[in-house]
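Order of the sequence lines sets the chain letters (A, B, ...), proteins ahead of strands, with each chain counted from 1. These figures come from a predicted structure and were not determined experimentally.
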2 protein chains.
Amino acid sequence: MPFGKPRAERADAVRNREHLLKTAREMLAECGADKVTMDGLAERACLGKGTVFRHFGTRAGIFRALLDADERRFQEQVLSGPPPLGPGAEPIDRLIAYGRARIAYLLDHHVIARAALHRNQPAPVGDPSVTQLHIRVLLQQGAPMPNIAGIAIQLTAALEGPLLLYLSRPDTDEDEPAEIYALLADAWQTLVERLTR
Amino acid sequence: MPFGKPRAERADAVRNREHLLKTAREMLAECGADKVTMDGLAERACLGKGTVFRHFGTRAGIFRALLDADERRFQEQVLSGPPPLGPGAEPIDRLIAYGRARIAYLLDHHVIARAALHRNQPAPVGDPSVTQLHIRVLLQQGAPMPNIAGIAIQLTAALEGPLLLYLSRPDTDEDEPAEIYALLADAWQTLVERLTR
DNA sequence: AGCATAAACGGACTTTACCCCGCTTCATAG
DNA sequence: CTATGAAGCGGGGTAAAGTCCGTTTATGCT
């Protein structure tokens, strides 16, 4: 049986990973993202450093793993939650709702998301196979136009770029998060409405 | 004379910085971005490590400095070059030209730009005070609309996001740069045209 | 249960960014 | 021309990321 079953993951490995994630979340809450170090995490979790690397590969991998759970929940809302975010509403309305929800999500998670960014690796959010595809499909349904693929790339960046690239120091910005949210969410709506008119 | 003259920069410092930048460019061309290390650069330039840090502050600072010269040249083209990129054309045409030129610029520089990205620091390109402002002004002139500020943020991200966030491994992508350019540049044009209609 | 095997673990080791502080050198005033 | 003080320089030191490999342990089979 060479390929069929790659032999299920070992129980202790699962336990350890969960424990590491829990510990990481604690450290994150207590001291902030850049106090979460590989050595520190290993020690606090009472595990070897090698184990941490085995599970996450890189420091950014920890944050990617932390994002993953929430990201999954978010995508679930999109795929099967109530409209207009979930299925059932008009495509354009869903697109607007998607952007608003996504901006809120990224504002909540932008510290982690930013920490998940890593040299020589694509961005940890807006994985082309999910966010971008979703935008593309909705756009196609609601307002067919030439070069949908390119537009979808750019709309994805329009959503996720600001929070990954520019708002990296929310504490030093005097703007309240709520104001930033309103600014970007309204801009997104305007953008989509005018684009698909 | 407490404030008027902060005492001009020392000649040897200028010489050293220039030499460091030159050496960095060489190493970059020969071995790629992540072979450019602080120690390596210092040694090759026959200078102390401390000197490198004094000039650039952080590893990313080197790349930021490398970008700076080209960025300045780029902005010059925009501010006083021939239309439609420079002044003289219709605002919307300038906006389209700006995007196309910017995408080409970022494709050329995306390895450096990516390397200039740094923990806890805003993105090294698309500095709000330049790119974003320019987009905002052109948009205002060519197609006034509500929430220009937000839209400008998102258009900036739409331009710069893809190249910083997603296309981080151009060698592993089977697409030719020329195709990527065409895809994004055309998408930008479509985006702007439909947005300002 | 006992065994074989691959997966998981641990922690020493290497590399690299970044800090620090005593020493040197330049630029300016007298 | 020399003194002086601030800017610049150097390189050793620290901490954290990431690698490696010998050891341990869970699991599936007999």
Side-chain angles (χ1 to χ4, degrees), chain A residues 1-21 23-24 27-28 31-66 114-121 124, chain B residues 1-21 23-24 27-28 31-66 114-121 124:
Chain A
M1 65 195 72
F3 278 138
K5 267 185 299 182
R7 207 184 225 186
E9 198 179 19
R10 264 166 61 165
D12 56 342
V14 175
R15 209 178 331 115
N16 281 339
R17 188 175 48 248
E18 225 117 299
H19 181 222
L20 282 170
L21 285 173
T23 309
M27 294 177 73
L28 187 61
C31 330
D34 38 48
K35 286 291 178 48
V36 178
T37 74
M38 298 309 253
D39 296 281
L41 176 58
E43 189 179 5
R44 178 150 170 176
C46 299
L47 290 169
K49 190 165 33 152
T51 306
V52 181
F53 276 93
R54 155 165 293 267
H55 282 295
F56 304 114
T58 142
R59 187 185 119 92
I62 295 174
F63 297 99
R64 220 192 310 275
L66 287 178
R114 179 86 198 217
L117 221 41
H118 187 70
R119 278 181 141 191
N120 310 331
Q121 246 176 311
Chain B
M1 63 194 73
F3 278 139
K5 267 185 298 179
R7 205 181 227 188
E9 198 178 20
R10 264 165 62 165
D12 56 342
V14 174
R15 208 176 333 112
N16 281 338
R17 188 176 50 248
E18 225 117 298
H19 181 223
L20 282 170
L21 285 173
T23 308
M27 293 178 73
L28 187 59
C31 330
D34 39 50
K35 286 290 177 47
V36 178
T37 72
M38 298 308 255
D39 293 343
L41 176 58
E43 190 179 5
R44 177 150 170 177
C46 300
L47 289 169
K49 206 186 343 178
T51 306
V52 181
F53 276 94
R54 155 164 292 269
H55 282 295
F56 304 116
T58 131
R59 189 186 117 93
I62 295 173
F63 297 98
R64 219 191 311 274
L66 287 177
R114 180 86 200 221
L117 220 41
H118 187 70
R119 278 180 145 193
N120 310 331
Q121 247 177 308

In whole angstroms, the gap separating P of dA7(C) from CG of Asn16(A) amounts to 17 Å

Looking only at dA8(C), dC9(D), dA27(C), the nucleotide nearest the Ala11(B) side chain is dA27(C)

*asked:* Classify Arg59(A) by what it touches in the nucleic acid, base, sugar-phosphate, or nothing, heavy-atom distance under 4.0 Å.
replied: sugar-phosphate

Any N/O donor-acceptor pair, Arg10(B) side-chain to dA27(C) base, under 3.5 Å:
no

Q: Using atom types as modelled and distance alone, determine if a side-chain donor or acceptor of Arg114(A) lies under 3.5 Å from a backbone N or O of Gln121(B).
A: yes

His118(B) atom NE2 is separated from dA17(C) atom P, nearest whole Å, by 11 Å

(request) Look at the side-chain N and O atoms of Thr37(B) and state whether any lies under 4.0 Å from the OP1 or OP2 oxygen of dT16(C). (result) no

When you look at CD of Glu18(B), are more than 12 heavy atoms from neighbouring residues, nucleotides or ligands closer to it than 6.0 Å?
no

**Prompt:** Do any N or O atoms from the side chain of Arg59(A) and from the backbone of Val36(A) form a donor-acceptor pair under 3.5 angstrom?
**Reply:** yes

The answer to which of Arg54(A) and Arg15(B) contacts DNA chain C further toward the 5' end, by nearest nucleotide, is Arg54(A)

Asp34(A) atom CG is separated from dA17(D) atom P, nearest whole Å, by 10 Å

Rounded to whole Å, CG of Asp12(B) lies from P of dA27(C) at a distance of 6 Å

To the nearest angstrom, the NZ-P distance between Lys49(A) and dA17(D) comes to 8 Å

Discussion item. Before you tell me yes or no, could you show the steps for Met38(A) and Ile62(A) under side chain to side chain contact (heavy atoms under 4.5 Å, CB included), namely the whole-Å CA-CA distance, both residues' side-chain angles and the distance that decides it to 0.1 Å?
Written reply: CA-CA 9 Å; Met38(A) 298 309 253; Ile62(A) 295 174; 3.4 Å; yes

Smallest heavy-atom separation, Leu117(A) atom then Ala60(A) atom, equals O-CB, 4.0 Å

Phe53(A) atom CZ is separated from dA17(D) atom C1', nearest whole Å, by 5 Å

Rounded to whole Å, the CG-C1' distance (Leu47(B) to dA7(D)) equals 16 Å

What contact category does Ala42(A) fall into here, base, sugar-phosphate, or nothing, at under 4.0 angstrom with non-hydrogen atoms?
nothing

Gln121(B) CD to dA17(C) P, in whole Å, measures 15 Å

Taking only the side-chain nitrogens and oxygens of Thr51(B), find out if one of them lies under 4.0 Å from OP1 or OP2 of dG8(D). no

